[in-house]
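I have placed the structure first, in the form of structure tokens, so that the comments after it can refer back to it.
If you're wondering where the values come from, they're calculated on a predicted model, not measured in any experiment.
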Amino acid sequence: MTPELKSRIATETMVAVIDAHESLDSTNDRAKSLISAGEVSTPVLVFATRQTAGRGRGANRWVAGSGSLTFSVVIDPADFKLETAELPLVSLITGLAVRDAISSKLGDVCVQLKWPNDVLINRKKVCGILVEIERAGAIPFLVIGIGINVGVDFRNASVEIRDRAISLNDIADQSVDPSEHLIEILIRLESELGDYRDSRAFPRKRYAAHCALTGRTVGLSSGDRVTYGLCRGVDDGGGITLENEAGSSVYYGGTITHIA
Ligand SMILES: O=C(O)CCCC[C@@H]1SC[C@@H]2NC(=O)N[C@@H]21
């Protein structure tokens with residue numbers, strides 16, 4: 001990371017400490033080791049130009065090299081008055097911040113959210129989010145990990161990957177410097193978390209308006225079980241609402257594996 005970028009992050013965003021590396025296994029794992037060693041003065045930005053063993057939800061991996069933007073932000077939940085029960089919302093709130101940041105740089109492009117932790121462009125994944133809790137003694141910290149395909153070249157990737165993944169620069173009129181995305185996301189993340197702290201209300205209507213699943217029949221997988229239903233958006237606690245012959249139910253876990 002250049003000294004210029006460090007200086008901009010320090011002056012333009014909430015970040016108090018920058019921990020930048022050429023290469024890391026996982027920015028989330030590095031953040032967690034800083035926390036457990038008692039070495040955090042939040043908010044901390046852990047940044048890696050390359051990530052060799054990045055993790056996602058469940059069995060997902062996020063290996064990132066050229067063209068990726070990978071970082072984690074460590075926050076103290078108390079700074080945003082977040083109770084443990086509200087932590088699942090942080091993934092959704094982060095998704096909104098990333099979605100709006102990307103959208104602001106791309107103009108008239110379909111940037112949507114896939115509950116609970118993906119950002120999509122034209123229905124392909126551009127960003128994955130992994131929020132985790134790590135404790136320093138009894139004190140919990142939140143690690144918000146974000147991976148974005150900014151200029152990843154998928155042209156030689158398998159058809160399966162090309163059907164599912166996209167880079168920002170595939171659709172931008174002109175390529176945007178990843179640093180600009182980083183700063184924009186950090187600013188918007190602070191603003192979204194601050195709005196939630198002040199209002200105590202998750203902006204579920206805004207989330208639903210940008211959610212790629214709203215109004216579509218989806219399959220939610222949890223273990224061996226798949227529950228199908230018409231997605232009616234998310235509730236105040238960030239759960240996805242599915243409607244089917246059994247009625248309307250809200251789910252807080254699982255992965256969307258089918259979209260009709
Ligand atoms: O798609 C997913 O399931 C979430 C992917 C999250 C990847 C990011 S990259 C930065 C941070 N460090 C990690 O090891 N994972 C997250």
Side-chain angles (χ1 to χ4, degrees), residues 28 54-63 83-100 102-103 109-133 142 144-149 154 157-168 170-171 192 196 201-260:
N28 269 33
R55 295 180 294 102
R57 283 182 90 228
N60 289 355
R61 294 186 316 128
W62 194 282
V63 176
E83 304 290 338
T84 311
E86 296 167 305
L87 299 188
L89 280 174
V90 174
S91 188
L92 280 64
I93 288 171
T94 304
L96 274 169
V98 174
R99 193 219 82 90
D100 288 354
I102 290 175
S103 187
V109 172
C110 179
V111 190
Q112 290 180 301
L113 297 154
K114 178 177 170 232
W115 182 93
N117 67 324
D118 293 345
V119 182
L120 311 180
I121 290 180
N122 296 339
R123 303 205 175 272
K124 295 182 180 185
K125 182 160 170 170
V126 70
C127 166
I129 295 163
L130 179 66
V131 178
E132 299 181 292
I133 304 177
L142 273 190
I144 303 173
I146 300 174
I148 303 183
N149 304 322
F154 289 113
S158 66
V159 175
E160 200 205 346
I161 290 181
R162 276 188 278 132
D163 279 351
R164 290 173 31 203
I166 193 166
S167 271
L168 290 179
D170 291 344
I171 31 92
E192 290 286 350
Y196 181 73
F202 171 63
R204 62 181 174 81
K205 288 196 179 144
R206 188 155 63 88
Y207 190 96
H210 292 304
C211 180
L213 311 177
T214 305
R216 301 185 71 178
T217 297
V218 302
L220 176 70
S221 296
S222 182
D224 291 342
R225 191 187 161 96
V226 185
T227 306
Y228 291 91
L230 182 65
C231 175
R232 292 295 195 188
V234 292
D235 79 344
D236 289 330
I240 189 167
T241 304
L242 299 186
E243 203 174 271
N244 55 28
E245 57 285 351
S248 180
S249 306
V250 181
Y251 300 86
Y252 294 93
T255 302
I256 299 295
T257 47
H258 304 78
I259 306 176

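Among pairs with a residue in residues 202-224, those fulfilling ring pair (Phe, Tyr, Trp, His ring centres under 6.0 Å) read F202-Y207, at least two apart in sequence or across chains. Evaluation of the ring pair (Phe, Tyr, Trp, His ring centres under 6.0 Å) test over residues 232-255, restricted to residues two or more places apart or in two chains, returns none. Within the structure, side-chain hydrogen bond (donor to acceptor under 3.5 Å, both in side chains) contacts touching residues 83-96 (residues at least two apart or in different chains) are E86-Y196, E86-R200.
Put simply, the side chain of W115 does not reach to within 4.5 Å of the side chain of T214, judged on heavy atoms.
Of all heavy-atom pairs spanning N149 and W62, the tightest one is OD1-CZ2, 3.7 Å. When all heavy atoms of V119 and G95 are compared, the closest pair comes out as CG2-O, 4.1 Å.
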>> Is there a salt bridge (charged side-chain N to carboxylate O under 4.0 Å, His left out) between D235 and R204? Walk through the geometry before answering.
In response: CA-CA 6 Å; D235 79 344; R204 62 181 174 81; over 6 Å; no
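For S167 (side chain) and D170 (main-chain N/O), no donor-acceptor pair under 3.5 Å exists by modelled atom type.
Listed by chain and residue number, R57 satisfy the side chain to side chain donor-acceptor pair (under 3.5 Å) test with T255 (two or more places apart in sequence, or in another chain).
By the neighbour-count criterion of 12 heavy atoms within 6.0 Å, atom CZ of R216 is densely surrounded, having more than that number from other residues, nucleotides or ligands.
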Output side-chain donor-acceptor pairs under 3.5 Å for residues 120-131, partner residues at least two apart or in another chain, one line each.
residue: R123; atom: NH1; partner: A212; partner atom: O; Å: 3.4
residue: K124; atom: NZ; partner: R162; partner atom: O; Å: 3.0
residue: K125; atom: NZ; partner: D118; partner atom: OD1; Å: 3.0

Output a table of donor-acceptor pairs, distance under 3.5 Å, between side-chain atoms of residues 225-234 and any protein atom two or more places apart or on a different chain; print 'none' if there are none.
residue: R232; atom: NE; partner: E243; partner atom: OE1; Å: 3.2
residue: R232; atom: NE; partner: E243; partner atom: OE2; Å: 3.4
residue: R232; atom: NH2; partner: E243; partner atom: OE2; Å: 3.1

